[in-house]
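Taking it in order: structure first as structure tokens, then the write-up.
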Amino acid sequence: PPPPTVPAVPPIAIEGCSIVSQTPNNGAMFTADTPFTTTWLLQNSGSETWDSTSLGIRFVGAQNDVQLHTGPSFFTLSTNVNPGNMYNFGVSMLAPFSAGSYGEVWELVNGNSQLCQFSVYITVP
């Protein structure tokens, strides 16, 4: 049978954060136990500079509690991001051994305040 359909995620703009692009696209297929990198291009669409000393990107959760990322669950921004500028964020991941649909949600945060959430969903045939 064909794999389940994964809906496309439209660009999100919440409190000055927009998701410009994502690689791989949601629904991408990966062979079991294959490493890959998920990259999001975030844009500061607000009027305040994202301060690298106070903003971070954290792992929120995984579909069916199966984590894909293979490194840390929290990252500090490597640079300040002025309004209108982009920030490229990548995470090393590993496709699970068992067939199925998997996903993770991450978010850009300032302390406990969420600026935006973004996610990736993959299929292992």
Rounded distance [0.5 Å steps], [atom1] in [X] versus [atom2] in [Y]:
| X | Y | atom1 | atom2 | answer |
| --- | --- | --- | --- | --- |
| Ser119 | Gln63 | OG | CD | 10.0 Å |
| Leu41 | Thr39 | CG | OG1 | 9.5 Å |
| Leu68 | Phe30 | CG | CZ | 9.5 Å |
| Leu42 | Cys116 | CG | SG | 5.5 Å |
| Thr38 | Asn25 | OG1 | CG | 10.5 Å |

Partner residues of [X] under the side chain to side chain contact (heavy atoms under 4.5 Å, CB included) criterion, sequence neighbours left out:
| X | answer |
| --- | --- |
| Asp65 | none |
| Val60 | Val105, Glu107, Gln117 |
| Ala32 | Val124 |
| Leu94 | Asp33, Pro35, Thr70 |

Specify the closest pair of heavy atoms between [X] and [Y], including all atoms of both residues, with the distance to one decimal.
| X | Y | value |
| --- | --- | --- |
| Ala99 | Pro125 | CB-O, 3.5 Å |
| Asn64 | Ser101 | ND2-O, 4.4 Å |
| Ser52 | Leu77 | CB-O, 3.4 Å |
| Phe59 | Ala62 | CZ-N, 3.7 Å |
| Gln22 | Asn26 | NE2-OD1, 2.9 Å |
| Gly16 | Trp50 | O-CZ2, 3.4 Å |

message: Enumerate the side-chain hydrogen bond (donor to acceptor under 3.5 Å, both in side chains) contacts for residues 86-96, please, sequence neighbours excluded, ordered by first and then second residue.
response: Ser78-Tyr87
task: Could you check Val81, Leu108, Thr76 and say which one makes a side chain to side chain contact (heavy atoms under 4.5 Å, CB included) with Leu55?
output: Leu108
- prompt: Between the side chains of Asn80 and Thr49, does any donor sit under 3.5 Å from an acceptor?
  reply: no
Which residues pass the side chain to side chain donor-acceptor pair (under 3.5 Å) test with [X], not counting sequence neighbours?
| X | result |
| --- | --- |
| Glu104 | His69, Trp106 |
| Asn110 | none |
| Tyr102 | none |
| Asn85 | none |

field: Flag side-chain contact, heavy atom, 4.5 Å: Met93 against Thr37
entry: no
task: Can you tell me which residue pairs pass the salt bridge (Lys or Arg N to Asp or Glu O under 4.0 Å) test with a partner in residues 73-101, sequence neighbours excluded?
output: none
message: Can you pull out every salt bridge (Lys or Arg N to Asp or Glu O under 4.0 Å) where at least one residue sits in residues 76-93? Sequence neighbours excluded, please.
response: none
Co-members of the apolar cluster containing Phe74 [side chain, <4.5 Å]: Val109
